[in-house]
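To find a chain, count down the sequence lines: A is the first, B the second, and so on, and within it residues start at 1.
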2 protein chains.
Amino acid sequence: MNKHDAGGFVGDRPRSTDLDNPLARKLEHFARLADDDRLQLAAALSPARTIAARADIREEGDDPRSVNVILDGWACRYRQLPNGQRQIVSLLLPGDPCDPQVFHQRRVHHAIGALTPVSLAQIRGSAMKELMAHSSALEEAFFRERLSATAIQYEWTVSLGRRSAIERLAHLFCELHARLDAVGLADGASCAMLLTQTDMANALGQTSVHINRTLKELRDMELITLRLRRLTIHDHAGLQALAMFEPTYVMDDEVGSSAQPR
Amino acid sequence: MNKHDAGGFVGDRPRSTDLDNPLARKLEHFARLADDDRLQLAAALSPARTIAARADIREEGDDPRSVNVILDGWACRYRQLPNGQRQIVSLLLPGDPCDPQVFHQRRVHHAIGALTPVSLAQIRGSAMKELMAHSSALEEAFFRERLSATAIQYEWTVSLGRRSAIERLAHLFCELHARLDAVGLADGASCAMLLTQTDMANALGQTSVHINRTLKELRDMELITLRLRRLTIHDHAGLQALAMFEPTYVMDDEVGSSAQPR
DNA sequence: CGTAAGATTGATTTCGGTCAACTTCAGTGG
DNA sequence: CCACTGAAGTTGACCGAAATCAATCTTACG
């Protein structure tokens, strides 16, 4: 599973940067990649480093175009208001780039924090440019990945603005399941759910007390169960209808995702 | 509710694509442009077309990388939920690109609508690439423009999630004033305010009735006045403090904006 | 100058927040 | 192996900000 002369110089290649990383799996949804594309991509990923749960992810390098990619674990982009309130602005799952560009603005307006232990790899800006220049498939894939992230961000605005508590939570679960499914991390109707109720509250602009009650309501409606950090969706169609969730915006791909019942 | 398109082709005037367009003014904040950069930029802008107030802005071409730039008027990105509720996801002001890429996703998940009559110019994808290739200043400027738009989007999430009604409205006013100021459209402490109270409600996830009361409260606190589609900020520091507004995320530039008291 | 969109105001309701107590659970060390 | 600890989750009583419903009033403009 190892190859050199991948157009580069990279000598030693640790395990984490192998061909089957979550970023590659995700990009497959956005463009049909050639074997060589996957090779180049894997070669561009720096060795993984690990961040402890609840620690902030900080930039080290100085290259504003470089991209940190999550290989394992969950993280979030968040903002802490002067009055102490916290709002999670986006959730970052395996395969997601977590645009460290933000570290290059004058003042950091939102931080990136690990919600669980996180393993990260970096693609340098120069390597990124080369990837895009060499492969139009990769260029297309990265371009559409950005569109997808943006669409997800817009949909969060819609949730916070116009969805009720139960709709919001339902929508979050639909989104997370779809995103995890896209990188092969959903197991049929179930997937990991690594957020605490307080995290959910910080993401959905509510209190953990009310999340708890809403969760109970979703359980009582027999739409989901949530046990041992694992979410199971019993009635996918029902949950999506309640959430007014339209699955296509997450991936909007050619192939269609694997575990989308109904 | 939406009228049909304004047919386009209204009095094409190369005038609008002159050197002093709002996009150029905005980009100046992000990188120091040479005369030649401004020239190239102006040349890349297609003749302006006009969209009627309350009409949707639709894509015509087929080039996913092309960018529509607002030259005059206000628009918004919005989403209409199946239950009829409307949420404005972002506001688009003169100088803002309104990423028509969205029209190239399978299903359009959010539309772009004119809030006032809008005049638009387009930069083709190929022209865009050339601009970036020829001038690293323009490349830098467009790159940072994207960062800024993203930061604004994140801040909306924070507003909807964690700010109270009056804080939200105050924050919106601070943001709009800063953005208009950056393209030379603020006049000291005052600027145009082309949103109806219903628009504000749709942007801030509230009802127009409550916007009205909140507006009154802001007036009573002598922070602002709003008359004849014009906003005047009487106590900039007070408004910013109330909104927990941190001006730098909007532009975060070298030069600093012109009308930022204190 | 008539009309419709927008703005204003009051009365009432409701969803979600606040406060507070209590339980469960995972991990740690004696 | 159990006792202790702190974080996470659960539940109840009460409160309050914003929604809803409804009735004007004002303004822009054809």
Discussion item. Let me confirm one number: the CD1-CD distance from A:Ile211 to A:Gln206, rounded to the nearest 0.5 Å.
Written reply: 4.5 Å
Discussion item. Nearest 0.5 Å, please: how far is CG in B:Leu45 from CG in B:Leu71?
Written reply: 6.5 Å
Practice prompt. Using a cut-off of strictly less than 4.0 Å between a heavy atom of the residue and any atom of DNA chain C, enumerate the qualifying residues of residues 218-226 of chain A by number.
Written response: none
Worksheet item: Could you give all pairs that pass the salt bridge (Lys or Arg N to Asp or Glu O under 4.0 Å) test and reach residues 207-226 of chain B, with sequence neighbours left out?
Response: none
Practice prompt. Any salt bridge (Lys or Arg N to Asp or Glu O under 4.0 Å) involving residues 164-176 of chain A? Give me the pairs, sequence neighbours left out, ordered by first then second residue.
Written response: A:Glu175-A:Arg179
Response to the item:
In terms of heavy-atom contacts, B:Gly161 and A:Gln87 come closest through CA-OE1, 3.4 Å
Worksheet item: For D:dG9, does OP1 or OP2 lie under 4.0 Å from any side-chain N or O of A:Arg229?
Response: yes
Worksheet item: When you check the phosphate oxygens OP1 and OP2 of D:dT10, does a side-chain N or O of A:Asn212 lie under 4.0 Å from one of them?
Response: yes
Measure all distances between protein nitrogen or oxygen atoms and nitrogen or oxygen atoms of nucleotides 27-29 of chain D, and list the pairs falling under 3.5 Å.
none

Worksheet item: With no hydrogens and no angle check, is any side-chain donor or acceptor of A:Arg162 less than 3.5 Å from a backbone partner on B:Arg79?
Response: no
Worksheet entry | ring-ring contact (aromatic ring centres under 6.0 Å, His included) involving A:His171 - partner list, sequence neighbours excluded | A:Phe245
What donor-acceptor contacts under 3.5 angstrom involve side-chain atoms of residues 224-234 of chain B, with partners at least two apart or in another chain?
{"residue": "B:Arg230", "atom": "NE", "partner": "B:Ser190", "partner atom": "OG", "Å": "3.2"}
{"residue": "B:Arg230", "atom": "NH2", "partner": "B:Ser190", "partner atom": "OG", "Å": "3.3"}

side-chain hydrogen bond (donor to acceptor under 3.5 Å, both in side chains) partners of [X], counting only residues at least two apart:
{"X": "A:Gln85", "result": "none"}
{"X": "B:Thr214", "result": "none"}
{"X": "B:Thr157", "result": "A:Gln153"}

Practice prompt. Five pairs at each end of the helix from C:dC1-D:dG30 to C:dG30-D:dC1: take the axis at both ends and give me the angle between them to 10°.
Written response: 40°
Anything under 3.5 Å between a donor and an acceptor, one on a side chain of residues 193-200 of chain B, the other on a protein residue two or more places apart or in another chain? List them.
{"residue": "B:Thr196", "atom": "OG1", "partner": "B:Thr198", "partner atom": "N", "Å": "3.4"}
{"residue": "B:Thr196", "atom": "OG1", "partner": "B:Asp199", "partner atom": "N", "Å": "3.0"}
{"residue": "B:Thr196", "atom": "OG1", "partner": "B:Asp199", "partner atom": "OD2", "Å": "3.2"}
{"residue": "B:Gln197", "atom": "OE1", "partner": "B:Asn212", "partner atom": "ND2", "Å": "3.0"}
{"residue": "B:Asp199", "atom": "OD1", "partner": "B:Arg54", "partner atom": "NH1", "Å": "3.1"}
{"residue": "B:Asp199", "atom": "OD2", "partner": "B:Arg54", "partner atom": "NH2", "Å": "2.8"}
{"residue": "B:Asp199", "atom": "OD2", "partner": "B:Thr196", "partner atom": "N", "Å": "3.1"}

Distances under 3.5 Å between nitrogen or oxygen atoms of protein and nucleotides 15-20 of chain C:
{"residue": "C:dG16", "atom": "OP1", "partner": "A:Ala165", "partner atom": "N", "Å": "2.8"}
{"residue": "C:dG17", "atom": "OP2", "partner": "A:Thr207", "partner atom": "OG1", "Å": "3.1"}
{"residue": "C:dT18", "atom": "O4", "partner": "A:Arg213", "partner atom": "NH2", "Å": "3.1"}

